[in-house]
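Comments concern the structure below.
Computation of the quantities below employed the complete heavy-atom set of this structure, encompassing side-chain atoms and omitting hydrogens, waters and symmetry-equivalent molecules. FYI, the numbering just counts along the sequence from 1.
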Amino acid sequence: MTSPSDHSAIVDLLCQSWHADLYDGDILRLYPDGTGEIISRADLSLWLAAHINWKIIESGGVQETPAPKQSLLNKWILSCQASRVLVATIEITITKRREPLSHLIINPDFAHTIGGHLLLESAFKPKQFDITVERGEFMAPLKWKGMSSPVFGLRITFDKSPYPPMESWIPEEAPMLESMRQFEKTCFVAQRLEDTKRWGGCITM
């Protein structure tokens with residue numbers, strides 16, 4: 001097991017703001033020093049805003065290849081082709097640290113919500129994830145039907161969601177979990193491609 005700083009190319013690839021939707025509601029942010037942030041919110045509700053620790057458990061090298069070229073037919077419809085650039089295993093630990101988050105401004109009166117205020121103790125145990133990172137052109141996994149979407153250059157897929165499973169939240173939040181289902185979100189995108197939008201195409205949930 002090694003810290004992120006021992007794998008500079010992998011760190012450069014993974015250290016992004018990863019988005020599971022178009023609304024900055026579900027975000028995973030990894031930093032090169034082995035810390036990060038995980039957020040889940042919608043409208044005026046904040047369910048998870050926490051600092052994390054992360055490290056690389058096992059990985060091959062970064063396999064950079066040119067992104068697949070779009071055919072003329074797919075100029076308006078997003079191609080589903082992608083190049084796999086990394087397969088790895090990482091460990092993520094949600095923490096109870098209460099210092100402010102860089103990705104989310106919270107009113108001081110609600111500072112107590114930082115650090116997993118709706119989570120049970122099991123959510124704070126280290127968990128390992130098998131991940132795949134692809135380079136290509138991807139829409140955010142969640143968007144309203146018929147809504148235009150920006151296109152992103154990277155997609156990361158987890159073997160299970162980095163959000164805690166339902167049994168790791170306080171029971172009173174069960175109705176919210178059934179509605180939002182953060183624990184099913186395994187696909188995130190990053191590196192928005194400038195001046196690019198699509199109205200349809202391949203969406204990986």
Is it true that the side chains of Thr132 and Thr157 contain a donor and an acceptor less than 3.5 Å apart? no

Closest contact, heavy atoms only, Asp26 versus Arg41: OD1-N, 4.2 Å

Run the salt-bridge test on Arg84 and Glu134 with the 4.0 Å N-O cut-off and return the result as yes or no. no

What I want to check is whether the side chains of Thr89 and Gln128 have a donor and an acceptor closer together than 3.5 Å. no

Output for pair (Met139 CE, Leu22 CG), nearest 0.5 Å, gives 9.0 Å

Within a strict 4.5 Å, meaning less than it, do heavy atoms of the Leu118 and Leu48 side chains meet? no

Looking only at heavy atoms, the pair that brings Leu193 and Gly153 closest together is CG-N, 3.9 Å

Side chain to side chain contact (heavy atoms under 4.5 Å, CB included) evaluation trace for Lys127 with Glu91: CA-CA 5 Å; Lys127 295 178 178 63; Glu91 181 181 280; over 6 Å; no

Would a 4.5 Å heavy-atom cut-off, applied to side chains only, mark Ile156 and Leu14 as touching? yes

Does the Gln16 side chain pair with the main chain of Asp12, one donor and one acceptor, at a distance under 3.5 Å? yes

How many angstroms lie between NZ in Lys160 and OG1 in Thr186, if you round to the nearest 0.5 Å? 11.5 Å

What's the verdict on side chain to side chain contact (heavy atoms under 4.5 Å, CB included) for Leu119 and Trp169, showing C-alpha distance, side-chain angles and the deciding distance? CA-CA 4 Å; Leu119 300 179; Trp169 298 73; 3.6 Å; yes

Side-chain donor/acceptor of His112 to backbone N/O of His117, under 3.5 Å: no

If I compare all heavy atoms of Leu86 with all of Ser59, which pair ends up nearest, and what's the gap? CD1-OG, 3.4 Å

Taking everything shown except Glu58 itself, do over 12 heavy atoms lie less than 6.0 Å from its CD? no

Separation between CG of Leu177 and CD of Gln182, rounded to the nearest 0.5 Å: 5.5 Å

Is the closest side-chain heavy-atom distance between Ile92 and Pro126 below 4.5 Å? no

Is it the case that Ser17 and Arg29 place a side-chain donor and acceptor less than 3.5 Å from each other? yes

Are Val62 and Val87 linked, directly or through intermediate hydrophobic residues, by side-chain heavy-atom contacts shorter than 4.5 Å (ILVMFWY only)? no

Return yes if a side-chain donor-acceptor contact under 3.5 Å exists between Thr93 and Asn53, otherwise no. no

Side-chain heavy atoms of Pro141 within contact of Val189, under 4.5 Å: yes

Please determine whether side chain to side chain contact (heavy atoms under 4.5 Å, CB included) holds for the pair Ser102 and Tyr31, giving the CA-CA distance in whole Å, both sets of side-chain angles, and the decisive distance to 0.1 Å. CA-CA 11 Å; Ser102 64; Tyr31 297 117; 2.5 Å; yes

So do Ile57 and Ile90 actually touch side chain to side chain, heavy atoms under 4.5 Å? no

Between atom NZ of Lys185 and atom OH of Tyr163, what is the distance when rounded to the nearest 0.5 Å? 6.5 Å

Rounded to the nearest 0.5 Å, the CZ atom of Arg181 sits from the CE atom of Met176 at a distance of 11.5 Å

Strictly distance-based, threshold 3.5 Å: is any side-chain N or O of Trp54 a donor or acceptor partner for the main-chain N or O of Thr35? yes

Evaluate the side-chain proximity of Phe158 to Cys187: yes if any heavy-atom separation is below 4.5 Å, no if none is. no

With side chain to side chain contact (heavy atoms under 4.5 Å, CB included) as the criterion, how do Leu120 and Glu167 come out once you've worked through the C-alpha distance, each side chain's angles and the decisive distance to 0.1 Å? CA-CA 8 Å; Leu120 300 176; Glu167 60 269 21; over 6 Å; no

Distance check, rounded to the nearest 0.5 Å: Phe152 atom CZ versus Gln191 atom CD? 10.5 Å

I'd like to know whether His19 forms a side-chain hydrogen bond (donor to acceptor under 3.5 Å, both in side chains) with Asp24, so could you lay out the CA-CA distance, the side-chain angles of the two residues, the decisive distance to 0.1 Å, and finally the verdict. CA-CA 7 Å; His19 300 259; Asp24 287 341; 3.0 Å; yes

Minimum heavy-atom separation for Ile52 and Glu37, please, with both atom names. CG1-N, 3.6 Å

4.5 Å side-chain heavy-atom contact, Leu154 and Trp18: yes

For Leu46 and Ser40, which heavy atoms make the closest approach, and how far apart are they? CD1-O, 3.7 Å

If every non-hydrogen atom of Phe183 is compared with every non-hydrogen atom of Pro165, which pair is closest and at what distance? CB-CA, 3.9 Å

Any side-chain heavy-atom pair of Val133 and Arg155 under 4.5 Å: no

